[in-house]
Amino acid sequence: MRLEKRNHTSPAAYVLAPVGAVVFTLIVSALLVLWAGAPVGQTYALLLQGAFGSVFALTETLTRATPLILTGLAAAVAFRARLFNIGAEGQLYAGALAAVAVGGMHGGTGLEWSPYLLFPLMMLAAALAGAALLLGPALMKARLGVDEVVTTLLLNFIMLLLVSALLDGPMKDPLSMGWPQSVALQGDLELSKLVPQTRLHTGLLWAISLAVMLWALLARTVPGFDIRAAGANARAAAFAGVPITRTVVLVALLSGGLAGLAGAIEVAGRTSYVTLDMSPGYGYSGIVIAMLAGLHPLGVIAAGTFVAGVLVGADSMSRAVGVPTYIADVIVATSLIAVLVAGLLTQYRVRWK
Amino acid sequence: MASTNAPVLKLSGITKRFGKLVANDAISLTLARGEVLALLGENGAGKSTLMSILFGHYVADEGSIEVFGQPLPPGQPRAALAAGIGMVHQHFTLADNLTVLDNVLLGSEPLWQPFSRRSVARAKLLAVSQQFGLPVSPDAKVGSLSVGERQRVEILKALYRGARILILDEPTAVLTPQESEALFDTLAQMVAQGLSIIFISHKLGEVLRVSHRVAVLRQGKLVAEAPAQGTTQGQLAQWMVGHAIEAAERRPAKNVGEPICTLTRVSTAPTGRDQLNGVSLSLRAGEIVAIAGVSGNGQVALADVLCGVRAATTGKVTLRGATLQARPAYLVSQGVARIPEDRHAVGVVGDLPVWENAVSERLRGPWFAHPWFRAFWVKRRAARQHAQRVAETFDVRGGGPDAPARALSGGNMQKLILGRALMPPQNGAGNTAPAPQLIVAHQPTWGLDIGAVMFVQQQLITARDNGAAVLLISDDLDEVLALGDRVAVMHDGQLSEARRAEDWTREAIGLAMAGAAH
């Protein structure tokens, strides 16, 4: 078996590739469901119902999708520039801490400013905190050639330990009865609910608008061209006049900033304080979502919703039939592999002899 | 010389399709013992595909191959090697940090043999090198060898493994004229001892000199097969292109003006073997200065300095009197048109669409930026219109404005780069940017087919006649002599005096390329 490069890819292939990937994923996952001894049709129906089948299910899915879209955007913009930011998880926590640091100093302990001033300040602080965490690795990559995969990945652990130290120390909520959690955000800084009686908050609108803005930046502006060109071929980009180091810094600010905002929006919209388990790996899932979306900012909205739907749907499904929730991880992982292979097959054909 | 015995190699009806494209269309060829067969054709004519099939990298859709009367199993490079087919690629596959002997042994010894049998191997290598008149020192590091010597190592590598049929892919592209002569002598010795050679080239003169028979491919078909004797270059060119070719007429510069760009004792830091070492040169308006030389002698550094991607460490570069800043965007704004050597790796961003590549250099100027957000919001319609004009004026075909630049053929890609550099943009108010005043062209016709070569050369001449100063850096001596009003030779980071083209002889240039006193 060998791969030969295609001279021409028909437009239909670009449509068929993701469809084929989904079908493949469903078939592979169905085998596992069968293995678990559950009826395939019913399992998938329950999963779908649990994800999108009611107002409650839908709002839960979209609540879960909000941070995933933001970390997905963080990964997408960085990967477009070939800055492999694996540190969105740490940057998310940095943003969450910064948000609480600015917005949690109420009750006479700190800033008694208007929420209209404090809220933007809080978001800005979160974005800057996330960006600052990525700036070091990005500059080390641009100037010294240090592999950013290693540095950003390891910074995640440093950040988690820092959060742990702060939550047991200076930022510990005195009223938490010994639980390691931060002080809560000032009430008037929390994001309002999008649908009453549910957990869905306006953070979703933030995530969607940021996706649209990021798409416009990448597709319609000179810095966006710089990011795409520097990622695709840095030498040719530099020859055409793209300032490479400045572009890497910009990408670090955008990517880290988006991940930081993911943390702040989780705090302001859902948890209202920082805990060590506030993110079940949103930063890492963002990478999967960005790849599923083909690094396209608008695709990230769909991919984030898909992954959130699978996770939420699997929770509800596993309560009804005896299939473990791990099937969600299998579906997400299989779909990623399938999408990557499908993308390869649009560029190459397989010869069996 | 060509014997009438059974052929050593027989290709029968080889057909290879890539989707709708027929890369090889029922090609049948034979190669006799002791014969040099030249395989001629433009880029994309199917030469590489055919050789890849022969070597087992591709599998033909139809047809069969026989080597010494035995069928060759398809798709197995090992089988091709074992059958005695050796290939010398244009880009060498040698490890610089190993010795000649190690390079020859690399990959030829069984994996599970605990010790390398070096003394046996050395004796065999020396025997082969003597037999075919290819002197080498087995213990020299390949990194210290000249390009001609490295090629010799590549040929020895193939012969050491028992090759009886040798495929040489554009072997003279990297050689000085004298080294090419030495190679031709070697080839003559090899065929005299019964080896057979397939010689791939697009230099018509040398094809007729070294080969016994010429096979011409065009658009995947074998269009002509003729003995070299009695065939003319004009005929070959016509077979290759499909119609008659008019050679570019040499027209000397008429109005040579003021110096546009001056280099004074410029040196750069070394990168590998390539650096500048006290180079002085003056580029004047309305004149083409051509730099000859074997690649790797400082041409890259010279081009880099004048393209703004490398700064001189000492010496002075001035552009119309002002010190040149080592920044591409600055050079573009100052009217410097730059045509890089490697069009795939440096000239275009292959994954981005054609239209963005056509305007990529100008995005930072006033031409396509929204007046309110200078260098931020791209004026898409104006940019696309300019890209459209570039594609039309410079005849860029094979993919619309939204196709990735990667999909363009080499010639069309080069036209795109040329158009981007040479064509001044217009803004909405009808103002046009000034035409470029300095053109830096590094190997602008490398690997292009004849039609594209003519087009590129004509553009450079036209720009010169319109008053631009042109610097042409080329490995191709014919091109240097055809286009250069003044010619200088580069060797080991140093540049000879730039003399009028008429004052040079081919021999003198060849000697200067090899480092003899200028």
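We name chains A, B, ... by the order of the sequence lines, and we start the count at 1 in each one.
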Under 4.5 Å to a heavy atom of chain B? For Ala230(A) that would be neither

message: Under the criterion side-chain contact (heavy atoms from CB on, under 4.5 Å), I'd like the reasoning laid out for Gln299(B) against Glu341(B): C-alpha separation, chi angles, the key distance, then a yes or no.
response: CA-CA 10 Å; Gln299(B) 292 96 325; Glu341(B) 175 184 30; over 6 Å; no

Item to check | Sidechain N-carboxylate O distance under 4.0 Å for Arg364(B), Asp226(A) | outcome: yes

Please lay out, stage by stage, how Arg82(A) and Glu148(A) fare under the test salt bridge (charged side-chain N to carboxylate O under 4.0 Å, His left out). CA-CA 10 Å; Arg82(A) 297 264 159 91; Glu148(A) 77 279 16; over 6 Å; no

So, the part of Ala229(A) with a heavy atom under 4.5 Å from chain B: the answer is both

Okay, Leu363(B) and chain A: the region with an atom under 4.5 Å from a heavy atom over there is both

Honestly, the part of Val332(B) sitting under 4.5 Å from a heavy atom of chain A is neither

Looking only at heavy atoms, the pair that brings Gly41(B) and Lys47(B) closest together is O-NZ, 2.6 Å

Looking only at Ala403(B), Pro340(B), Pro74(B), Gly350(B), most heavy-atom pairs under 4.5 Å shared with chain A are made by Pro340(B)

Worksheet item: Does atom CZ of Phe24(A) have more than 12 heavy-atom neighbours from other groups under 6.0 Å away?
Response: no

Most contact-rich option vs chain B, by heavy-atom pairs under 4.5 angstrom, among Val222(A), Asn233(A), Leu217(A), Val242(A), is Val222(A)

Applying a strict 4.5 Å limit to non-hydrogen atoms, the region of Arg310(B) in contact with chain A is neither

ask   = How are the rings of Phe368(B) and His386(B) set to each other: parallel, tilted or perpendicular (split at 30° and 60°)?
value = tilted

Max heavy-atom pairs within cutoff under 4.5 Å with chain A, candidates Ala329(B), Ala345(B), Gly75(B), goes to Ala345(B)

Got more than 12 heavy atoms from elsewhere within 6.0 Å of OH, Tyr58(B)? no

Checked Glu361(B), Arg420(B), Arg338(B) vs chain A; the most non-hydrogen pairs under 4.5 Å come from Arg338(B)

